[in-house]
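Below is one structure, written out as structure tokens; the observations come after it.
What you see is a predicted model, and the numbers here were worked out from it, not measured in a lab.
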Amino acid sequence: MSNENTLSVQALARKNVQELTPYQSARRLGGNGDVWLNANEYAIAPQFELTQQTFNRYPECQPARVINRYAAYAGVDPEQVLVSRGADEGIELLIRAFCEPGKDAILYCPPTYGMYSVSAETIGVEGRTVAAKADWSLDIPAIEAALDGVKLVYVCSPNNPTGNIIAPDEIRAVLEMTRGRAIVAVDEAYIEFCPQATVSGWLQEYPHLAILRTLSKAFALAGLRCGFTLANSDLIGLLMKVIAPYPLSTPVADIAAQALSPEGLAIMRQRVTEVTNNREWLIAELEKCACVEEAFASDTNYVLVRFSASSTVFKNLWDQGIILRDQNKQPGLSGCLRITIGTRAELQRVITALQPLPGATATTLNDNQNSPRKEHM
């Protein structure tokens, strides 16, 4: 194709798409590792066999068996559940349903999940930020001051990539200040690792609350692409207007329903216990490494770690086939890498690779302030 033709196609694209920096997923970033600790996946593939064979027919838009089982698991009514192609589609559906392009804004609190901003920019909606405080709690007065024109607020709890739960009183304060003004979407992608922190019991009290969930993390089904939005029926009805006609393929619905069976839920909870134990072991071992400045507490399947020379650590492990996630670009996370909780053997490889690396010097401290790696979470 000639340069002239290529340029003409580029010129036809929407201006915001021309200028868009796409979300850099773990798979886009690549790598040639054999220890993949950069995407918050479970390390071992679960075993399922397809039971549905009606591939000649279009699937249900909202498969009843999946909806009913997830509702029972989440403790809500089936009318309060929408299933989609991952929680990422839920993020986008909320923007499409509630935000006028070129007029309305979404609000989120970095450091946090990168798809809120990418989805808004793709649709042509302003992404407004209110930075979290130094301890990663929400800056409630600053959020309230920034609400003019905001139709949708995203709160990630536990937060990715920091791993901390957002305090219930902070989430409630956001819900109170947005009554009649905006939708509040609480992203609970990692809630299985801290089920006591869910706000699903608040749905009746707050008609403008939406909760995002996924089977990608504790259910070990990242490759399935199956997520859920929990909300009151009026809000679900609006999302149903903008969702694709057949968001879940028949095999996806089949496996999702199996994962949500009593047996599937029991296996998920065993997996959570295993991951939690491995996480606490990793944090204890990281604290013994000279190159580690701080391993932050986590309520998820990953740990955020500040290193004295993060770019050197990242490359050193990358060259050994251990792939981590660089978080230096995130506000307030200079020198930080995120480590997914893999198997104990994989985590031992991380520790073995880190042990010979030196601690902080004047040069490595400067390296953290000027990390060359610029990536989305």
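Tested against Ile243 for a side-chain contact (heavy atoms from CB on, under 4.5 Å), the candidates Arg96, Arg85, Glu92, Glu89 yield a single pass: Glu89. Evaluated for a ring-ring contact (aromatic ring centres under 6.0 Å, His included) with Phe219, the options Phe48, Tyr42, Phe193, Tyr73 yield exactly one hit, Tyr73. Among Leu93, Asp88, Leu94, the one residue that satisfies the side-chain contact (heavy atoms from CB on, under 4.5 Å) test with Ile91 is Asp88.
A side-chain donor-acceptor contact under 3.5 Å links Asn301 to the backbone of Asn40. Side-chain atoms of Asp135 come within 3.5 Å of backbone N or O of Ser137 as a donor-acceptor pair. At least one donor-acceptor pair closer than 3.5 Å links the side chain of Ser84 to the backbone N or O of Gly86. A side-chain donor-acceptor contact under 3.5 Å links Ser119 to the backbone of Met115. For the pair Glu346 (side chain) and Thr343 (backbone), a donor-acceptor distance under 3.5 Å is present.
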Show your working on side-chain hydrogen bond (donor to acceptor under 3.5 Å, both in side chains) between Glu188 and Thr198 and close with a plain yes or no. CA-CA 7 Å; Glu188 293 188 346; Thr198 184; 2.8 Å; yes
Do Arg271 and Glu274 pass the salt bridge (Lys or Arg N to Asp or Glu O under 4.0 Å) test, and can you show the C-alpha distance, the side-chain angles, and the key distance before you say yes or no? CA-CA 5 Å; Arg271 192 180 294 124; Glu274 172 204 334; over 6 Å; no
Please determine whether side-chain hydrogen bond (donor to acceptor under 3.5 Å, both in side chains) holds for the pair Thr276 and Glu280, giving the CA-CA distance in whole Å, both sets of side-chain angles, and the decisive distance to 0.1 Å. CA-CA 6 Å; Thr276 301; Glu280 298 314 305; over 6 Å; no
Where do Asn328 and Asp326 land on the side-chain hydrogen bond (donor to acceptor under 3.5 Å, both in side chains) test, with the steps shown first? CA-CA 6 Å; Asn328 271 281; Asp326 191 336; 2.8 Å; yes
Mind running side-chain hydrogen bond (donor to acceptor under 3.5 Å, both in side chains) on Asn159 and Tyr113 for me, showing each step along the way? CA-CA 8 Å; Asn159 188 42; Tyr113 184 41; over 6 Å; no
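Shown here is Glu294, whose CD atom has more than 12 heavy atoms of other residues, nucleotides or ligands within 6.0 Å. Counting non-hydrogen atoms of neighbouring residues, nucleotides and ligands closer than 6.0 angstrom, the CD atom of Glu49 reaches no more than 12 such neighbours.
In this structure the side chain of Gln62 reaches within 4.5 angstrom of the side chain of Met240, judged on heavy atoms. Within the 4.5 Å cutoff, the side chain of Trp202 has heavy atoms near those of the Arg172 side chain. No side-chain heavy atom of Lys329 sits under 4.5 Å from any side-chain heavy atom of Gln327. For the pair Arg344/Trp281, a side-chain contact is recorded, criterion being any heavy-atom separation below 4.5 Å from C-beta on.
Shortest non-hydrogen contact noted between Leu337 and Val313 is CD1-CG1, 3.9 Å. Between Ala231 and Ile236, the shortest heavy-atom distance links the atoms O-CG1, 3.6 Å. Across every non-hydrogen atom of Thr214 and Ala189, the tightest pair is CG2-O, 3.5 Å. Here the closest heavy-atom approach between residue Pro161 and residue Gln330 is recorded as CD-NE2, 3.9 Å. When all heavy atoms are compared, the tightest approach of Ala253 to Val66 is O-CG2, 3.3 Å.
Donor-acceptor pairing under 3.5 Å is recorded for the side chains of Glu176 and Tyr206. Judged by distance alone, the side chains of Ser117 and Glu121 never bring a donor and an acceptor atom under 3.5 Å apart. Residues Thr54 and Gln52 have side chains that never bring a donor and an acceptor to within less than 3.5 angstrom of each other.
Annotation: cation-pi pair Arg338/Tyr302 present, NZ/CZ under 6.0 Å from the ring centroid and within 45° of its normal. Annotation: cation-pi geometry not satisfied between Arg128 and Tyr108 (NZ/CZ under 6.0 angstrom from ring centroid, within 45° of ring axis).
The salt bridge (Lys or Arg N to Asp or Glu O under 4.0 Å) search around Asp34 returns Arg349, not counting sequence neighbours.
Under a hydrophobic clustering in which Ile, Leu, Val, Met, Phe, Trp and Tyr are joined whenever their side-chain heavy atoms come within less than 4.5 Å, directly or via other members, Met177 and Leu138 fall into the same cluster. Hydrophobic clustering keeps Tyr58 apart from Ile255 (ILVMFWY residues linked when any side-chain heavy atoms are closer than 4.5 Å, directly or through intermediates). Transitive grouping of hydrophobic side chains (ILVMFWY, heavy atoms separated by less than 4.5 Å) keeps Ile171 and Ile191 in distinct clusters. A continuous path of hydrophobic side-chain contacts links Val242 to Val118 [ILVMFWY only; heavy atoms under 4.5 Å].
Between Arg181 and Glu144 there is no salt bridge, since none of the side-chain N atoms of the basic residue sits less than 4.0 Å from a carboxylate O of the acidic one. Between Asp299 and Arg279 no salt bridge is recorded (no basic side-chain N to carboxylate O distance below 4.0 Å). Between Asp187 and Arg213 there is no salt bridge, since none of the side-chain N atoms of the basic residue sits less than 4.0 Å from a carboxylate O of the acidic one.
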